[in-house]
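Structure, as structure tokens:
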Amino acid sequence: MKVALGGTFDPIHDGHRALFERAFELGDVTVGLTSDDLAPKTRHDERHVRSFEDRRDNLAAELSAFADGSDRDWQIRKLTEPTGIATEAQFDVLVVSPETETGGKRINEIRRERGHDPLEIAVVPHVYADDGDIISSTRIVNGEIDQHGNLTPEREGRGQPS
């Protein structure tokens, strides 16, 4: 099966890793990574997002680790619009988090309009931090938790680039 998923992935955390793990269980993986122009438009908060190149390099390292030991191919493609690559005919499955499931349904509407079969939508549950709240990149950037959901009250968040 051909699996799609997308995001900004800045920074990558255990919630993202749960998405990657499920994607590799299902088939060959294509990850749409938001472009520098699109990334801030997909955020619910205003925060610095690292460059596409930096995010792509980190994502490639993560995907390579997941692919090791599996017989799966993977690739990263730049997303320039929110519905991204998943509206293309070749995909079978879209891996989403609970908050992006609605976007997956919108993608299937677009696919139907284009004469493509709808995607199976695989919803991966949230991963929770030690305090019981969801692990998120924003919480990591703000210095609340680390990538694994450990509380980091002594840590300062990521500031704007100088």
TODO: Would you sort out whether Thr30 and Ile85 count as a side-chain contact (heavy atoms from CB on, under 4.5 Å), showing the intermediate values?
DONE: CA-CA 9 Å; Thr30 301; Ile85 60 173; 3.4 Å; yes

Task: Basic-acidic side-chain contact under 4.0 Å: Arg139, Asp146 - done: no

Task: Arg77/Glu88 salt bridge by N-O under 4.0 Å criterion - done: yes

- [ ] Go through the structure and list residues passing side chain to side chain contact (heavy atoms under 4.5 Å, CB included) with Ala60, not counting sequence neighbours.
- [x] Trp74, Ile76

- [ ] Please lay out, stage by stage, how His148 and His13 fare under the test side-chain contact (heavy atoms from CB on, under 4.5 Å).
- [x] CA-CA 6 Å; His148 304 295; His13 54 70; over 6 Å; no

Measure the shortest side-chain to side-chain distance between [X] and [Y] over non-hydrogen atoms and say whether it is less than 4.5 angstrom.
| X | Y | answer |
| --- | --- | --- |
| Leu5 | Phe20 | yes |
| His16 | Gln147 | no |
| Ile140 | Pro11 | yes |
| Arg55 | Thr8 | yes |
| Arg111 | Pro118 | no |
| Val29 | Phe66 | no |

Task: Partner of Ile121 by side chain to side chain contact (heavy atoms under 4.5 Å, CB included), out of Thr100, Val95, Asn108 - done: Asn108

Open item on the list: Whether the His126 and Glu99 side chains hold a donor-acceptor pair (N or O, under 3.5 Å, no angle test) is what I'd like checked.
Closed with: yes

Task: Residues Glu109, Arg112; criterion salt bridge (charged side-chain N to carboxylate O under 4.0 Å, His left out); working and verdict - done: CA-CA 5 Å; Glu109 290 172 13; Arg112 280 193 271 286; 6.0 Å; no

TODO: Could you walk me through whether Asp92 and Lys2 pass the salt bridge (charged side-chain N to carboxylate O under 4.0 Å, His left out) test, one step at a time?
DONE: CA-CA 5 Å; Asp92 304 300; Lys2 294 187 185 281; over 6 Å; no

- [ ] Could you tell me the separation between the OG1 atom of Thr87 and the CG atom of Leu94, rounded to the nearest 0.5 Å?
- [x] 10.5 Å

